[in-house]
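Everything numeric here is computed off the predicted structure, so don't read it as measured data.
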Amino acid sequence: MTESVWGTADERMRALLGRLPADVPAVVDQLTKLQDALERVPPLLAGNPLADFNKLYLNITLDVLARLSEKRFEDPAFISRLDVEFSGRYFDALRGFTDGGAGCPRTWQVLFARVAGPDARPLPSAAAGANAHINFDLAFALVSTFDQAGPGPADDSAQHRDYLQINKIFADAIPQLRRGYLDKWQLLVDTMNGELDDWWQGEAIAYTRNVAWRNAQKLWTLRSDVQATARFRDTLDETTAALGRLLLSPMGELLQ
């Protein structure tokens with residue numbers, strides 16, 4: 001029998017991945033429990049790169065939940081549905097990888113394969129996860145959300161304005177989150193750079209989320225063409241996987 005990639009945390013991981021959350025509080029709960037499980041995966045434990053990404057994802061989702069509670073979205077049902085659809089792709093990829101890789105997108109396999117080592121720096125690890133989730137998953141999550149309700153991803157709609165609010169969540173969260181990933185000497189360099197690093201990373205997130213929206217618009221027009229959608233998915237998966245490999249390469253150290 002092949003040893004599980006999750007080691008002694010295998011039973012816990014399988015139990016968590018055996019269900020999908022139905023609303024945003026449930027997404028937060030599942031990400032919280034997943035964080036605890038990931039920090040028990042040998043040999044890297046809390047230092048494994050997937051735990052670095054999951055922590056980032058959890059913090060952003062907590063901010064989304066807070067804004068929903070404060071009624072700050074024009075179409076809260078859309079944001080709630082998108083959050084559930086979006087997280088489901090992450091959990092599905094984890095489940096596919098747990099079961100041997102079938103059905104797990106290549107872009108996610110790049111990060112998941114590093115769980116057992118070699119070690120990767122925290123910030124590139126979080127960036128590699130964000131790359132897979134935003135550059136690959138997000139467009140498909142948008143389409144499946146609009147399939148259930150809504151006219152499609154239209155610019156300057158209430159849904160688009162709410163979608164752009166998430167950029168602000170990232171921009172507000174990035175400074176504190178980045179510093180949580182840095183060593184002491186890196187914090188010194190970061191201080192010397194002032195707000196430059198925070199600015200360009202915020203701009204990078206806004207850019208990639210805009211690209212995901214444009215990709216969703218393309219997919220929306222292709223949704224009745226199964227073969228064209230599959231080709232689009234395969235191309236996007238390979239492109240995003242290549243970027244993930246770059247982020248986790250020695251060049252990824254430049255992120256820190």
If you count the non-hydrogen atoms of other residues, nucleotides and ligands that lie under 6.0 Å from [atom1] in [X], is the total more than 12?
X: Glu238; atom1: CD; result: yes
X: Gln227; atom1: CD; result: no
X: Arg209; atom1: CZ; result: yes

> Pick from Trp213, Phe86, Trp220: which one makes a side-chain contact (heavy atoms from CB on, under 4.5 Å) with Leu142?
Replying inline: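 Going through Trp213, Phe86, Trp220 one by one, the side-chain contact (heavy atoms from CB on, under 4.5 Å) with Leu142 is satisfied by Trp213 alone.
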>> Testing Thr240, Leu243, Thr239 one by one against Phe136 for a side-chain contact (heavy atoms from CB on, under 4.5 Å), which residue passes?
In response: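 Result: among Thr240, Leu243, Thr239, Thr240 is the only option passing the side-chain contact (heavy atoms from CB on, under 4.5 Å) with Phe136.
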> Under 30°, 30 to 60°, or over 60°: which ring-plane class applies to Tyr90 and His133, parallel, tilted or perpendicular?
Replying inline: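 Rings of Tyr90 and His133: tilted, 30 to 60°.
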Nearest-0.5 Å distance, [atom1] of residue [X] to [atom2] of residue [Y]:
X: Ser87; Y: Leu58; atom1: OG; atom2: CG; value: 12.0 Å
X: Asn131; Y: Leu246; atom1: CG; atom2: CG; value: 9.5 Å
X: Asn54; Y: Thr61; atom1: CG; atom2: OG1; value: 9.0 Å
X: Gln35; Y: Leu56; atom1: CD; atom2: CG; value: 10.0 Å
X: Leu94; Y: Arg89; atom1: CG; atom2: CZ; value: 14.0 Å
X: Phe73; Y: Leu82; atom1: CZ; atom2: CG; value: 10.0 Å

Inspect the contact between [Y] and [X] and indicate whether a charged nitrogen and a carboxylate oxygen are less than 4.0 angstrom apart.
X: Arg214; Y: Asp155; value: yes
X: Asp92; Y: Arg95; value: yes
X: Asp63; Y: Arg67; value: no

> Can you tell if the side chain of Phe53 reaches within under 4.5 Å of the side chain of Asn48, non-hydrogen atoms only?
Replying inline: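 Phe53 does not reach Asn48 side chain to side chain.
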>> salt bridge (Lys or Arg N to Asp or Glu O under 4.0 Å), that's the test. Do Arg14 and Asp99 meet it? Break it down for me.
In response: CA-CA 9 Å; Arg14 288 181 182 276; Asp99 293 336; 3.1 Å; yes
>> Please report whether the ring centroid of Trp108 lies less than 6.0 Å from that of Phe97.
In response: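 No.
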>> Any donor-acceptor pair under 3.5 Å linking the side-chain atoms of Glu85 with those of Thr145?
In response: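 Thr145 vs Glu85: no donor-acceptor pair found between side chains.
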